[in-house]
Amino acid sequence: MDDEISGDDCGDFSFFKRKLQESRKFEDTIQIQLNKANNDPQKCRSIWESIQDASQSRKRQILRCVDYYEPMIMHLQLLALADPPTSTTRDALKQLQLRRSELDLLRTELTVEDIVQQNTLKVFKRKCSSFHPAHITPNPSGSPLLPKDQV
């Protein structure tokens with residue numbers, strides 16, 4: 001993502017989701033970019049680096065938001081367990097359900113990101129066969145893209 005999202009921005013899930021979708025537009029145009037590269041190793045390297053930068057940025061943003069939600073959920077759980085129940089505990093329960101749902105959606109975005117990476121990698125390998133990064137296989141995290149220092 002061009003604009004780094006702060007932890008405070010994670011609280012607005014709709015905003016975050018829009019930014020994520022905007023960032024994925026790069027992958028929507030990858031076929032066109034690769035066609036223009038015409039299997040030129042230098043152009044392919046540049047595209048490869050852009051693919052990695054975009055993917056790593058999105059994953060970093062998603063994980064930052066996961067880290068934002070987890071302590072909030074723990075705090076809401078403590079409020080919701082207060083005895084006797086009050087309007088504050090009822091509000092905390094509502095917020096807890098909402099934040100858990102948003103956290104689940106964020107975790108789903110990590111899966112979506114892996115799928116986007118796999119599809120992008122397939123197209124890249126087909127269109128830029130002249131460019132051979134050191135390893136173009138999944139890394140231990142399951143992501144098919146490598147850290148920049150391994151290219």
Provide the full list of salt bridge (Lys or Arg N to Asp or Glu O under 4.0 Å) pairs with a residue in residues 91-102, sequence neighbours left out, each pair given once.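 As it turns out, the salt bridge (Lys or Arg N to Asp or Glu O under 4.0 Å) pairs with a partner in residues 91-102, which skip direct neighbours, are R99-E102.
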Does a side-chain heavy-atom distance below 4.5 Å link Y68 with R64?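 Answer no - side chains too far apart.
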Side chain to side chain, K59 and Q117, heavy atoms closer than 4.5 Å: yes
CG of L78 to OG1 of T89, rounded to nearest 0.5 Å, is 13.0 Å
Name all residues meeting the side-chain hydrogen bond (donor to acceptor under 3.5 Å, both in side chains) criterion together with [X]; count only those two or more places apart in sequence or in a different chain, and write none if there are none.
{"X": "R107", "answer": "E70"}
{"X": "N39", "answer": "S129, S130"}
{"X": "E27", "answer": "R58"}

Hey, any chance V116 and V123 share a hydrophobic cluster, counting ILVMFWY side chains that come within less than 4.5 Å of each other, even indirectly? no
I'd like to know if L106 and L63 are part of one continuous hydrophobic network [Ile/Leu/Val/Met/Phe/Trp/Tyr, side-chain heavy atoms within less than 4.5 Å]. yes
Distance-only polar pair, side chains of N35 and K127, donor-acceptor under 3.5 Å: yes
Which residues share a salt bridge (Lys or Arg N to Asp or Glu O under 4.0 Å) with R24, sequence neighbours left out: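 E109, E113.
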Any disulfide (SG to SG under 2.5 Å) involving residues 11-40? Give me the pairs, sequence neighbours left out, ordered by first then second residue.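 For residues 11-40, and leaving out neighbouring residues, there are no disulfide (SG to SG under 2.5 Å) pairs at all.
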